[in-house]
Asker: 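This is the structure, below, for whatever I ask next.
Quantities reported herein were computed from a predicted structural model and do not represent experimental measurements. Throughout, a chain's letter reflects where its sequence line sits, starting with A, and its residues are numbered from 1.
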Protein chains: 2
Amino acid sequence: MTHQTVGHRHTTSPGLPDDPRAAVTVPTPSCPVEITLAALRGRWTTLVIRELLQGGRTFTELRQALPALSDKVLSDRLAQLAEAGVVDRRREPGWPSRTHYGLTPHGRRLGPVLQALWDWGARPS
Amino acid sequence: MTHQTVGHRHTTSPGLPDDPRAAVTVPTPSCPVEITLAALRGRWTTLVIRELLQGGRTFTELRQALPALSDKVLSDRLAQLAEAGVVDRRREPGWPSRTHYGLTPHGRRLGPVLQALWDWGARPS
DNA sequence: CAGCATCCATTCAGATACTG
DNA sequence: CAGTATCTGAATGGATGCTG
């Protein structure tokens, strides 16, 4: 996100930092807010993160926790989250094959972000 | 967002509140996290909010601040944000007609949410 | 088991053109 | 000025079926 880079920041755009990326006039992938929203984008994404905040899970365990989520979309989400540096994928050797997913330290830091989203949505307007 | 409702909450899902809505297994519109993400959803939305965090704006002022944003999408976004209780629309009488948009108190509370999104995205993974 | 390939329906953004 | 109506192309989600 963003705001003007001059003047009395805290009076015009409370809480937003003074950063060049804060002055864009077009949605820009390098904007920190866009980066975070891209990581959270898509149906099911926050539910997958919620599961992983409770501890590591295998592909099948995630499917069991979220039965209505198709494996195609689960696969998409995990790839997206791995790409964003949120989850760590560990393919365990042997048969049947098993892949273990867990949050990275960066992923665990999404906890407060989800909390902020929860807090706003939980409060009556 | 959500997490289990039993056990040692803060060790399994740090920061997420103990609420029935925290146990859903399907993306649910009444989940507070979904509510917030729905308000922020769509290209340009956070940039429009950024503009309004700096003060009220008319339709034309918003278009000037975000020149690459088409008036159709701007109109869509403002309707979505009004629906979400984020912005307040005041049609000023007279000619030429003029509509003034400003954040509601609830909308202003998105400041910390955007800050949390910024902070996570600004931090190296 | 994990997960990709394919296909289909729906949603969304942007462009263009038109009104109160 | 401040929108709405319509259309097109792109992206997304879900279902089904197939492999390492």
Side-chain angles (χ1 to χ4, degrees), chain A residues 24-29 31 33-35 37-49 51-52 56-84 86-102, chain B residues 24-29 31 33-34 37-49 51-52 56-84 87-102:
Chain A
V24 295
T25 60
V26 163
T28 306
C31 170
V33 169
E34 295 292 331
I35 289 171
L37 289 176
L40 300 178
R41 174 129 40 231
R43 210 152 116 87
W44 297 98
T45 306
T46 57
L47 291 177
V48 171
I49 296 171
E51 288 306 313
L52 295 177
R57 295 280 189 277
T58 65
F59 194 87
T60 299
E61 286 170 344
L62 287 168
R63 259 205 310 218
Q64 287 168 346
L66 304 169
L69 169 57
S70 75
D71 56 354
K72 184 256 204 181
V73 174
L74 176 54
S75 192
D76 288 352
R77 291 297 168 264
L78 290 169
Q80 160 192 341
L81 291 170
E83 178 69 23
V86 170
V87 313
D88 176 42
R89 166 193 257 126
R90 278 196 311 276
R91 187 165 270 117
E92 279 156 21
W95 185 269
S97 90
R98 212 161 260 277
T99 308
H100 189 266
Y101 293 90
Chain B
V24 296
T25 62
V26 163
T28 306
C31 169
V33 170
E34 294 293 330
L37 289 177
L40 299 179
R41 175 132 36 234
R43 212 154 115 86
W44 297 99
T45 307
T46 57
L47 291 177
V48 171
I49 295 170
E51 287 307 311
L52 295 176
R57 296 279 189 279
T58 64
F59 194 87
T60 299
E61 287 170 342
L62 287 169
R63 259 206 310 218
Q64 288 168 345
L66 304 169
L69 169 57
S70 76
D71 56 353
K72 184 257 202 182
V73 174
L74 176 53
S75 191
D76 288 351
R77 291 298 168 265
L78 290 168
Q80 161 193 341
L81 291 170
E83 178 69 21
V87 313
D88 176 43
R89 166 192 258 127
R90 281 197 308 277
R91 186 165 271 119
E92 279 156 22
W95 186 269
S97 89
R98 209 163 262 274
T99 309
H100 189 264
Y101 292 91

Asker: What nucleotide, of D:dG13, C:dA13, D:dT16, holds the atom closest to the side chain of A:Asp71?
Answerer: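 The closest nucleotide is D:dT16.
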Asker: What is the distance, rounded to the nearest whole Å, between atom CG of A:Leu78 and atom P of C:dC1?
Answerer: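 Result: 16 Å.
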Asker: Can you tell me the distance, in whole Å, between the CG atom of A:Leu66 and the P atom of D:dG14?
Answerer: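 In whole Å, D:dG14 P and A:Leu66 CG are 12 Å from each other.
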Asker: Take atom CG of A:Asp76 and atom P of C:dG3, then tell me their distance rounded to the nearest Å.
Answerer: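 Interatomic distance, CG of A:Asp76 to P of C:dG3: 12 Å.
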Asker: Picking from D:dT4, D:dA2, D:dG20, which would you name as closest to the side chain of B:Phe59?
Answerer: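 For the B:Phe59 side chain, the nearest candidate turns out to be D:dA2.
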Asker: Could you tell me the separation between the CG atom of A:Leu81 and the P atom of C:dG3, rounded to a whole number of Å?
Answerer: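 The distance from CG of A:Leu81 to P of C:dG3 comes to 13 Å, rounded to the nearest Å.
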Asker: Return no unless some side-chain N or O of A:Arg91 is found under 4.0 Å from OP1 or OP2 of C:dG3.
Answerer: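 Result: yes.
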Asker: Closest approach to the side chain of B:Thr60, judged atom by atom: which nucleotide of D:dC1, D:dG14, D:dG3 is it?
Answerer: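 Looking only at heavy atoms from C-beta outward on B:Thr60, the closest nucleotide is D:dC1.
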Asker: Heavy-atom nearest nucleotide on DNA chain C for A:Thr99 versus A:Lys72: which residue maps closer to 5'?
Answerer: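 Looking at the nearest nucleotide for each, A:Thr99 comes out on the 5' side.
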Asker: Can you figure out which of C:dA13, D:dA2, C:dG3 approaches the side chain of B:Thr58 most closely?
Answerer: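 Selected nucleotide: D:dA2.
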Asker: Could you please name the option among D:dG14, D:dG3, C:dG14 that lies closest to any side-chain atom of B:Ser75?
Answerer: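 The answer is D:dG3.
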Asker: Could you walk me through whether B:Tyr101 and B:Arg89 pass side chain to side chain donor-acceptor pair (under 3.5 Å), step by step?
Answerer: CA-CA 5 Å; B:Tyr101 292 91; B:Arg89 166 192 258 127; 3.2 Å; yes
Asker: Respond yes when some side-chain nitrogen or oxygen of B:Tyr101 is under 4.0 Å from OP1 or OP2 of D:dC1, and no when none is.
Answerer: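 False: B:Tyr101 side-chain N/O out of range (4.0 Å or more) of D:dC1 OP1/OP2.
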Asker: Just so I know, are the side chains of B:Glu51 and B:Val48 near enough to count as touching, which here means a heavy-atom distance under 4.5 Å?
Answerer: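 No, side chains not in contact.
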Asker: Any base atoms under 4.0 Å from B:Ser97, or only sugar-phosphate, or nothing? Heavy atoms, all strands.
Answerer: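 If one applies the 4.0 Å heavy-atom cut-off, B:Ser97 turns out to touch a base.
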Asker: In whole angstrom, what separates A:His100's NE2 from C:dC1's C1'?
Answerer: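 Roughly 15 Å, once rounded to whole Å.
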Asker: With heavy-atom distances below 4.5 Å as the criterion, would you say the side chains of A:Leu74 and A:Arg63 are in contact?
Answerer: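 Yes, close enough: below the 4.5 Å cut-off.
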Asker: Using a heavy-atom cut-off of under 4.0 Å over every strand shown, decide if A:Arg77 touches base, sugar-phosphate, or nothing.
Answerer: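 Since only primed, P, OP1 and OP2 atoms lie under 4.0 Å of A:Arg77, the category is sugar-phosphate.
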Asker: Tell me the interatomic distance from A:Arg98, atom CZ, to D:dG20, atom C1', rounded to whole angstroms.
Answerer: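 So the two atoms are 16 Å apart, to the nearest Å.
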Asker: How far apart are the C-alpha atoms of B:Thr25 and A:Leu47, what are their side-chain angles, what is the distance that settles it, and do they pass the side-chain contact (heavy atoms from CB on, under 4.5 Å) test?
Answerer: CA-CA 7 Å; B:Thr25 62; A:Leu47 291 177; over 6 Å; no
Asker: For a side-chain contact (heavy atoms from CB on, under 4.5 Å) check, start with the C-alpha distance between B:Gln80 and B:Arg77, then their side-chain angles and the critical distance, and finish with the verdict.
Answerer: CA-CA 5 Å; B:Gln80 161 193 341; B:Arg77 291 298 168 265; 3.3 Å; yes
Asker: What's A:Arg89 touching, base or sugar-phosphate or nothing? Going by heavy atoms closer than 4.0 Å.
Answerer: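 Sugar-phosphate, backbone atoms only, no base.
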Asker: Nearest whole angstrom, please: distance from the P of D:dA10 to the CZ of A:Arg41.
Answerer: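 That distance rounds to 19 Å.
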Asker: Looking only at side-chain N and O atoms, does B:Trp44 come under 4.0 Å of OP1 or OP2 in C:dG14?
Answerer: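 For B:Trp44, the contact criterion (side-chain N or O under 4.0 Å from OP1 or OP2 of C:dG14) is met.
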Asker: Could you check how far CZ of A:Arg63 sits from P of D:dG14, rounded to whole Å?
Answerer: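 Rounded to the whole Å, the gap is 15 Å.
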